[in-house]
Amino acid sequence: MKKCAAILTAGGDSPGLNAAIHAVGRVLLRSNYRLLGFMDGFEGIAFDRFVELTDSELAGILTAGGTVLRTSRHKPNKMPLGKKQLDMTGNIVENYRKHQLEALICIGGGGTHKSAMMLKKAGLNIITLPKTIDNDLSGTDSSIGFDTALNVAASAIDSLHSTASSHKRIMLVEIMGHKTGWLTLGSGMAGGADVVLIPELPYNIDKVAEALKKRSSNGKFFSIVPVAEGAIDCVTAERIKELENDIASSSDKTRKAELKNQLSALTAYNPARIFELARKLEELTGLETRVTILGYLQRSGTPSCFDRLLATQLGCRAAQAVIQKEFGCMIAYRNGTTELVPLEEISGKRQELTIDHPWVQCAMDSGIVFGN
Ligand code: F6P
């Protein structure tokens, strides 16, 4: 009987997922393995929904965006079923054993790595691949999808210059990235932005307005301002710190729950926030201000060549890891090659964009304003 492995994609989709699936499949099939693809993230293995990834299933998928296996954010231990959330870890282990899998390859971001760690603890042979357009996975220099999203965001910023200058406007561009500013800063620097607002450096709105007015009075009649979806002003940042301290020191359950609600209201994504920022900036500067939200375009469409190559390299190494029985680790991309990193080292950790990062230093040196 042929040996068999399985693969799934979980979390938000990211360009390059199909290239990774393609690479894993090509290597395993050539080594006489079967490869199953579980559908819809961890839901597929929990409810045993899968496709057999044969040569013909793999043909032509390398360059396509999205994921042929579809995806979901559902966790093994919190799987929605009707109105309930069930712990399906037991069913996942059962289905893994039923198919006599040698290994399960999970491609995903931060949440997927926590789930993968849980399944490793439950006794499964797990291998993960890093993917996220947010670039916030620790332990790897690059994750599948970030480069494509960076290109999409930078090219949108490029394009906005012409209309911004024609109308002498401030252009706020909302960019994804969850709680980090990698995508915003990277595309802002690549696209020649003037002011960049990121979560890591909470901004003072008066300083931002001042910088925009100064540009205008210096004869630069338009400004491009990429704003990370997680960017916050310094007053909100202070309030978040206070709430976090209060939550940590509170022993009253009801009070704790109340404080947590207040905290998530401040930290959750709020599409109205950027329009409110535009309104305030217009008021403070007297300059016409418009908003562009790039949204899901940033993770749609075909992957860049870099992402195709990255995904292919990581996928090939993941298949080799199955064959060589190297389990319980993420295939990381480091210094242009692949390395195996134990899941314990990266699960639950985030790759922070710190103030001493060369991008931040270079942006500051070249006069990009963060408003901090
Ligand atoms: O993690 C990728 C990401 O695109 C984030 O940048 C964004 O905050 C989030 O996913 C959006 O998620 P959803 O697909 O659940 O709306």
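When a ligand or atom number is given, it counts from 1 through the structure's own listing order. Only this structure's heavy atoms are used, side chains among them; waters, hydrogens and symmetry mates stay out.
Minimum interatomic distance between Leu266 and Ile240 (heavy atoms only, all atoms of both residues): CD1-CG1, 4.0 Å.
Side-chain atoms of Asp252 come within 3.5 Å of backbone N or O of Arg255 as a donor-acceptor pair.
Counting heavy atoms under 4.0 Å from ligand 1, residue Tyr296 touches it through the side chain alone. Counting heavy atoms closer than 4.0 Å to ligand 1, residue Leu183 contributes nothing at all.
Atom 3 (C) of ligand 1 has its closest protein heavy atom at Arg299 NH1, 3.5 Å. Ranking protein heavy atoms by distance to atom 6 (O) of ligand 1, first place goes to Asp134 OD1, 2.7 Å.
Residue-environment remark: CZ (Arg26) stays at or below the threshold of 12 foreign heavy atoms within 6.0 Å.
The Gly177 neighbourhood of ligand 1 comprises atoms 6 (O), with distances under 4.0 Å to a heavy atom of that residue.
Ion pair Lys280/Glu283 not flagged as a salt bridge, since none of the NZ, NE, NH1 or NH2 atoms sits closer than 4.0 Å to an Asp/Glu carboxylate oxygen. A salt bridge does not link Glu174 with Arg273: none of the charged nitrogens is closer than 4.0 Å to a carboxylate oxygen.
Evaluated by nearest non-hydrogen atom to atom 10 (O) of ligand 1, the leading choice among His178, Glu229, Arg73 is Arg73.
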